[in-house]
Number of protein chains: 2
Amino acid sequence: MRLTSFTDFGLRALMRMASDPHRAFSTAELADEFGLSRNHLTKIMQRLAQGGIVATRRGSGGGATLALAPRAISLGDVVRLLEAGQPLVECFATTGNTCSITGCCSLKARLSSAEAAFLTNLDRSTLADIALPKSRPSQAATPVPA
Amino acid sequence: MRLTSFTDFGLRALMRMASDPHRAFSTAELADEFGLSRNHLTKIMQRLAQGGIVATRRGSGGGATLALAPRAISLGDVVRLLEAGQPLVECFATTGNTCSITGCCSLKARLSSAEAAFLTNLDRSTLADIALPKSRPSQAATPVPA
DNA sequence: GATAAGTGGTATTGTAAATACTTATTAAGC
DNA sequence: GCTTAATAAGTATTTACAATACCACTTATC
């Protein structure tokens with residue numbers, strides 16, 4: 001059972017953005033932080049923008065900003081958006097389904113139910129719950145006690 | 001969100017076997033039915049055998065047989081076994097984890113919880129619930145009415 | 001004109017599946 | 001009861017494909 005790296009990085013980016021909901025984050029900044037190419041992250045951001053989770057703005061001072069308050073964005077919604085079109089198993093796909101037992105297959109319904117349970121569980125958390133601290137502990141004003 | 005084809009085919013094979021729990025099914029027979037290579041299915045069967053779900057026997061009259069009654073094998077157990085070693089996201093992997101925010105990351109716990117919900121939901125069903133009919137409708141003794 | 005998002009194309013990596021081959025077990029035949 | 005042949009699982013290697021990531025370039029906004 002696996003989520004795509006798309007979803008993985010998307011969640012990480014949103015975690016970061018949730019720490020400062022009104023700030024615009026450039027893809028360059030976030031990509032640098034996660035150690036992946038800017039263009040790749042751009043594609044993820046585009047998807048998030050299409051889904052109405054972030055708003056993007058070009059030009060100087062631009063970047064991506066959360067379109068809603070962190071507590072209004074559930075993890076389930078994010079995962080649904082970023083995993084859209086990703087079938088749980090082959091026979092869930094609308095095209096290229098080679099399964100010969102589709103008709104009387106009761107497995108499908110049970111897998112669907114489990115998938116729904118997964119997403120419903122994620123709906124209980126929002127971005128506000130997983131926001132990262134604004135700056136890293138090593139850069140914090142108050143040094144951590146040894 | 002995606003299960004590996006390993007799990008997919010494993011479930012299909014078990015569905016088939018559950019229809020006739022005491023019969024030995026050869027990998028050749030099942031592979032032919034699903035349209036994939038025998039050796040590939042063999043690997044899946046091996047994993048199921050290691051996990052104690054099926055018993056295999058070589059030689060004439062051999063094949064794989066369910067090691068337990070269909071109602072004693074939950075779908076969750078099967079999926080846990082076949083998806084073992086498959087991290088939900090990269091930072092779940094024990095090796096090669098490049099995530100820089102592991103320490104204070106509360107996302108991980110929430111994804112784990114959702115994954116558990118997925119499996120728990122599947123535990124509510126057993127192979128007995130998803131067994132396929134013994135023979136295909138087209139070969140049935142009583143022809144279906146038009 | 002500098003900054004930053006958006007787009008199209010290409011390389012790379014990892015998973016999935018097939019091919020070819022080996023080993024073990026059973027059952028038939030002598 | 002031993003030998004042989006057929007059956008079927010197990011192993012190793014290779015090939016094909018799709019997901020992932022990168023690069024060069026374009027467009028928009030300040």
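Each chain gets a letter, A, B and so on, in the order its sequence line appears, and its residues count up from 1. Please read all numbers here as calculations on a predicted model, not as lab measurements.
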Between the main-chain N or O of B/Ala116 and the side-chain N or O of B/Thr120, is there a donor-acceptor pair closer than 3.5 Å? yes
A/Arg47 CZ to D/dT20 P: how many Å, rounded? 11 Å
What integer distance in Å separates A/Ile44:CD1 from C/dT7:P? 15 Å
Is it true that, when you exclude A/Arg23 itself, more than 12 heavy atoms of the residues, nucleotides or ligands shown sit nearer than 6.0 Å to its CZ? yes
Assess the side chains of B/Arg71 and B/Thr126: does a donor N or O sit below 3.5 Å from an acceptor N or O? no
Checking B/Arg47 side chain against B/Leu81 main chain: does a donor-acceptor pair fall under 3.5 Å? yes
Side chains of A/Ser74 and A/Asp77: any donor to acceptor distance under 3.5 Å? yes
B/Leu30 atom CG is separated from D/dA9 atom C1', nearest whole Å, by 13 Å
For A/Phe9 and D/dC22, give me the distance from atom CZ to atom C1', rounded to whole Å. 13 Å
Lys/Arg N to Asp/Glu carboxylate O, A/Glu29 vs A/Arg38, below 4.0 Å: no
Could you state the atom-to-atom distance from CG of A/Leu48 to P of C/dA5 in whole Å? 13 Å
So what stems show up for DNA chain C if we need 3 or more Watson-Crick or G-U pairs in a row, all under 3.5 Å? C:1-30 with D:1-30
Please confirm whether the backbone N or O of B/Asp8 pairs with a side-chain atom of B/Ser5, one donor and one acceptor, at under 3.5 Å? no
With respect to the phosphate group of C/dT7, does any side-chain polar atom (N or O) of A/Gln46 fall under 4.0 Å of OP1 or OP2? yes
Whether A/Thr42 contacts C/dT7 is assessed here as follows: a side-chain N or O lying under 4.0 Å from the phosphate OP1 or OP2. Is that the case? no
Rounded to whole angstroms, how far apart are CZ on B/Phe34 and P on C/dA17? 13 Å
Quick check on DNA chain C: between A/Arg2 and A/Thr27, whose nearest nucleotide comes earlier from the 5' end? A/Thr27
Any sub-3.5 Å donor-acceptor pair from A/Ser112's side-chain atoms to A/Lys108's backbone N or O? yes
Would you kindly compare A/Gln86 and B/Gln50 by the position of their nearest DNA chain D nucleotide and give the one closer to the 5′ end? B/Gln50
Rounding to a whole Å, what distance do you find between B/Leu41:CG and D/dG10:C1'? 13 Å
Collect all protein-nucleotide pairs involving nucleotides 23-29 of chain D in which both atoms are nitrogen or oxygen and the distance is under 3.5 Å.
unit_1, atom_1, unit_2, atom_2, d
D/dC23, N4, A/Asn39, ND2, 3.1
D/dA24, N6, A/Asn39, ND2, 2.0
D/dT27, O2, A/Arg58, NH1, 3.0
D/dA28, O4', A/Arg58, NH1, 2.5

Rounded distance in Å - CG (B/Asp8) to P (C/dT15): 17 Å
Is it true that B/Arg80 and B/Asp123 have a side-chain N and a carboxylate O under 4.0 angstrom from each other? yes
Between C/dG6 and A/Thr56, is there an OP1 or OP2 to side-chain N/O distance shorter than 4.0 Å? yes
